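Everything on this sheet refers to the single structure shown next.
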Amino acid sequence: MTISNRTENELQLRILATSDLHATIRGFDYCAEQPLPGRGLEGAAALIGKLRREVQNSLLVDNGDFLQGNPLADLFADPTPGQVHPVIAAMNGLGYDAASLGNHEFNYGLPALRHALAGAGFPTVCANIAMLGTEPPVASPHVILVRTLLSPSGRMQRLRIGLFGLLPPQVLTWDRRNLEGRIAMIDMVEAARASIAALRAQGADLVIALCHSGIGAAEAPPGSENMAGQVAALEGLDAIVAGHSHDVFPRSPDPHDHAVPMVLPGCFGSHVGVIDLRLHQAEDGRWRSLGRASALRVSDHVGFRRLRNSPDAQVVRRASAAAHRATRLAVRHPVGRTEVPLTTHLAALPGNAALAIIAESQAAHVAAALQGTALAQVPLLSAAAPFKFGGRGGASHYTNVAPGPVAIRHVADLYIHPNRIAAVLVTGAELKAWLEKSAEFFLQVKPGLDGQPLLNPDIHASDFDVVHGIDYQIDLSAPHGRRIVGPSHGGRPIDPEQPFVVATNSYRAEGGGDFPGAQPANKVFEDRILVQDVLRGHIERLGVIRAPRHFPFAFTAMPGTSVLFETARSVRAELPWRSDLALEDLGDGAEGLVQLRFRL
Ligand code: MN
Ligand code: MG
């Protein structure tokens, strides 16, 4: 038998992908109580509908981190039987074909995750998790979707499409309390090899990786966090969706620089990844992807706002209407007042009131818990870092609480991660090394030069811990590892042998970010209570938040030296409160940002 018509042995399949939605189904910021332009599954849905209608055959997948990340996710974290999680309801409505798990899916624990996924009308995959003991599975390693595709001439063809999921094995550290003794993690490349082989053995015509991991380096060792580039290089793979890093790839259409087509579709519904596969039926009857003939696109939906009322956007809005209303109501609940702005605009500089109130609440909780124990005699410190600090989230991704009433939405804005309260016992030497690692947040500057960049683009702000309860200087002219000058406690230099209890969060105490001294072996306290709830209770008892009276760190003075950094333009309302910093407004930068000069 020969196939005469060329179009008879060719098929086209479009893969549409979202990643890192973080429960952003509505383009709405519940903390700021305002629209979030260019974000949200509702806007992406309009684009998904348009991209689907352009082709005969398509598949819609999500690449993980869809169930956590905003107050709506916190409110509906653990649906009761029969209740469908609002994010799942929206995904069901849009007809997702499959989803893979991201690391944040584990933030609320395995039972909550099972309850949420129970409502999913699509399979969820994760190949590099092994359940331990009697722990029931949360997802299948891989799945084969049998789909009937239409050829250009209208002939129907059944295809077996294999999908598997991957996520960073570091989740075991980041969510140890939820996962220890319940799951084991497998290296992503190793698990990918096994899934590709298994899917091929089960007769998959196509194999697609849903890899909740950044692209990473070709030479990254096994077990690394960002491995999508290495997975993409594996034999037997036809397409890969990457994620986790919240990045966008490719940045321009059709680069043809990967053997296997790959997309990384941003975050919060900012982008829809598009992979167009051309499939060819060989003489043996098997279908294969003509990999290099594929088109890659990452479509930004900002230009599609006029499609807001498309049927697809309406599906998402209807599915989330009740949850959206309930969340808006819940976050308005009053907690207290603040006399000063609580923001992360200037969290890189000394005297940040937002970090101070978080640190104060953590210390108060740990002090009360340790009362009457031997550890109550050990000096208690508290570490806090800015979580919302621009970056890929842009100018809208800063904590911004104005002076006045503080409601739940402001507490959520101050502390966005579902971390629990914890404390570690460290030595003075470990504490200094902890501070040195935090100080890598800043670039090295040359004394006597004006206008040098301040922030190190390679370090995430959530790894800039400011430790409250001691005094120290950061010398920006010194190289990394030698910048912490004169650390002291109660006016006395810190002895390398001296013990300290550091109040922090579960992520850090479990080794997240790999800080010296912050590791499970040093953990002396943990509680099931979220830091967000600790903070809320603290503000309720306090009634009024005032400006911090004491700043833990200062930069070493360097006459004639200045540094530049960008922050959101909303900082301008705050500048009058921080005249102590003598910041100079150099005018607007890109996309809602402003450039500021700070003299050292
Ligand atoms: Mn994510
Ligand atoms: Mg992630």
Side-chain angles (χ1 to χ4, degrees), residues 17-25 29 36 39-41 44 61-74 77 87 91 99-109 113 116-117 124-129 138-139 165-176 178-179 183 185 187-188 191 209-216 220 223-229 231 240-249 262-273 298 387-394 396-397 416-419 460-463 505-508 510-514:
T18 52
S19 189
D20 296 272
L21 287 172
H22 287 284
T24 317
I25 36 182
D29 181 338
L36 206 48
R39 302 281 189 275
L41 183 60
V61 295
D62 183 82
N63 203 40
D65 278 5
F66 51 99
L67 290 174
Q68 179 278 335
N70 65 12
L72 177 142
D74 292 338
V87 173
M91 292 170 77
S100 63
L101 300 180
N103 50 298
H104 283 289
E105 262 63 81
F106 298 90
N107 286 163
Y108 304 113
L113 177 57
L117 295 180
T124 37
V125 285
C126 185
N128 68 325
I129 283 184
V138 281
L166 301 168
L167 63 88
Q170 284 73 13
V171 69
L172 214 47
T173 295
W174 299 333
D175 256 314
R176 189 185 305 267
N178 287 330
L179 300 178
I183 68 162
M185 294 301 297
D187 165 59
M188 287 187 271
L210 303 182
C211 183
H212 185 87
S213 177
I215 293 170
S224 293
E225 179 179 347
N226 294 306
M227 296 286 256
V231 173
I240 176 167
V241 181
H244 182 59
S245 62
H246 293 200
D247 223 329
V248 172
F249 181 88
M262 171 157 69
V263 287
L264 204 169
C267 57
F268 312 137
S270 65
H271 295 74
V272 178
V298 172
F387 294 147
K388 291 177 80 177
F389 198 76
R392 290 173 191 124
S396 62
H397 198 58
I416 56 170
H417 293 308
N419 296 329
H460 199 280
S462 59
D463 280 339
N505 59 65
S506 48
Y507 169 83
R508 182 71 81 233
E510 294 295 358
D514 203 16

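Every number for a ligand or one of its atoms is a count from 1 in the order of the listing. The model shown is predicted, which means the values in this text are computed figures rather than measured ones. In this chain, residues are counted from 1 in sequence order.
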### Query
With respect to the Mg ion (ligand 2), what is the nearest N, O or S atom of His244?
ND1

### Task
Go through the steps for His22 and His246 under the test ring pair (Phe, Tyr, Trp, His ring centres under 6.0 Å), then give the verdict.
CA-CA 11 Å; His22 287 284; His246 293 200; 5.0 Å; yes

### Message
Applying side-chain hydrogen bond (donor to acceptor under 3.5 Å, both in side chains), can you list everything that pairs with Ser100, at least two apart in sequence or on another chain?
### Response
Asn63

### Query
What's the atom name of the N, O or S in Asp65 nearest to the Mg ion (ligand 2)?
OD2

### Query
For the side chain of Gln68 and the backbone of Phe106, is there at least one donor-acceptor N/O pair under 3.5 Å apart?
no

### Residues Ile416, Lys388; criterion side-chain contact (heavy atoms from CB on, under 4.5 Å); working and verdict
CA-CA 8 Å; Ile416 56 170; Lys388 291 177 80 177; 3.5 Å; yes

### Task
Determine, step by step, whether Leu67 and Leu113 satisfy the side-chain contact (heavy atoms from CB on, under 4.5 Å) criterion, reporting the C-alpha distance in whole Å, the side-chain angles of both residues, the deciding distance to 0.1 Å, and the verdict.
CA-CA 9 Å; Leu67 290 174; Leu113 177 57; 3.7 Å; yes

### Task
Please report the number of protein N, O or S atoms that lie less than 2.8 Å from the Mn ion (ligand 1).
4

### Task
Indicate whether the side chain of Asn103 and that of Asp175 have a donor and an acceptor atom separated by less than 3.5 Å.
no

## Note on the structure
Which atom of His212 is nearest the Mg ion (ligand 2), counting N, O or S only? It is NE2

### Query
Mind checking whether His104 and His244 have ring centres under 6.0 Å apart?
no

